[in-house]
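Dumping the structure here so I can ask a few things about it.
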Amino acid sequence: MLIPSEFFARPPEEVAVDLLGALVVTTIEGEETGGRIVEVEAYRGSDDPGSHAATRGITKRNATMYGPPGTAYVYFTYGNHHMLNFVCEPDGVAGAVLVRALEPTVGIDTMARRRTGRSVRELCNGPGKLTAALGIDLADNGSRLGEGRISVHYGERPPSDTIVTSGRIGLSAGHDLGLRWFLSDSDFVSRGRIGPVRHSGGRTTKGDPREAR
DNA sequence: GCGCCGATTGGCT
DNA sequence: GCCAATCGGCGCC
């Protein structure tokens, strides 16, 4: 069942947690690919130093983040990689959830062709990898989910005791905020270095996500 | 398995 | 010009 745009009209940290277990699917040139969300990060507006919407206000690059909820915000970085976000908050308010990793479930053969030489585990275990596997690029920026090439569907809700949180990855600012969530029992989360990991129950471990199992 | 480093483009100052 | 919400290859343990 397609997730409606109202689902996204909330603060990104709420949407992020609720997206764990959901299914992202693309249909590109007749080929369907996708997977189950196992890792996400939340990005807020001007109060978030790690966000594209921090301090600068609306620019050509981040304008999509201020648009209506349920829209894809796709941008290009490091000269190579596309990042997939879902716009949150009501129209006019900046906010988004970055999809960082998927467990491949749909069109694995197609995704393996797009990412030659990679094991299934490595097809979508990072934000730049999953966009390559799913064929997402700047053409998807600003498209409404379910109306363009990308759709997001409800999935089985993961048990709350498998959901853990940590700081965000790869930022020069705002990494101290606990705005990353992932499934501790998944083999498909990204391999980024991270700070302390916190269980829903409040226990703290360090280092690799797997230590939080 | 881990850590370092270069690649490569668009957007912003 | 500078830098980035990253990745993959290589060297070394």
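Within every chain, numbering begins at 1; the chains are lettered A, B, ... in the order of the sequence lines, protein sequences first and strands thereafter. Atoms considered below: every heavy atom in the structure, side chains included; atoms not considered: hydrogens, waters and symmetry mates.
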Residues from residues 85-93 of chain A lying under 4.0 Å of DNA chain B - heavy atoms: none
Single-linkage hydrophobic cluster A:L23~A:L102, side-chain heavy atoms < 4.5 angstrom: no
Presence of A:R118 side-chain N/O under 4.0 Å of C:dG9 phosphate oxygens OP1/OP2: yes
Flag for A:S166-A:R180: side-chain donor and acceptor within less than 3.5 Å: yes
Base-pairing mate for C:dC2 - Watson-Crick or G-U, with both contacts under 3.5 Å: B:dG11
Distance, rounded to the nearest Å, where A:W181 contributes CH2 and C:dA5 contributes P: 18 Å
Touch class at under 4.0 angstrom, heavy-atom based, for A:G126 against every strand present: sugar-phosphate
Whole angstrom value for the distance that separates P of C:dC7 from CG of A:N125: 8 Å
Spatial distance of atom CG (A:N62) from atom NE2 (A:H52) [nearest 0.5 Å]: 8.0 Å
Integer-rounded Å distance: B:dG1 C1' and A:E122 CD: 13 Å
Hydrophobic cluster membership, A:Y75 vs A:V40, 4.5 Å side-chain cutoff: no
Euclidean distance, atom CD of residue A:E39 to atom C1' of C:dT6 [Å, nearest integer]: 13 Å
Spacing between A:N141 atom CG and C:dA5 atom P, to the nearest angstrom: 16 Å
OP1 or OP2 of C:dT6 under 4.0 Å from side-chain N/O of A:R100: yes
Donor-acceptor under 3.5 Å (A:T26 side chain, A:L134 main chain): yes
Same apolar cluster: A:V97 and A:V25, side chain cutoff 4.5 Å: no
A:Y43 six-ring centre to A:R168 NZ/CZ under 6.0 Å and within 45° of normal: yes
Main-chain N/O of A:G148 paired to A:S143 side chain as donor or acceptor, under 3.5 Å: no
Residues in contact with DNA chain B, drawn from residues 62-84 of chain A - heavy-atom cutoff 4.0 Å: A:F76, A:Y78, A:G79, A:N80
Rounded distance in Å - NE2 (A:H52) to C1' (B:dC12): 11 Å
Side-chain N or O of A:R115 closer than 4.0 Å to phosphate OP1/OP2 of C:dC7: no
Atom-pair distance (CD1 on A:I169; P on C:dA4), nearest Å: 17 Å
Atom-to-atom span, CG of A:D137 to P of B:dT9 - whole angstrom: 15 Å
Selection from C:dA5, B:dC12, C:dG8 that lies nearest to any side-chain heavy atom of A:T59: B:dC12
Separation between OH of A:Y154 and CG of A:L19, rounded to the nearest 0.5 Å: 9.5 Å
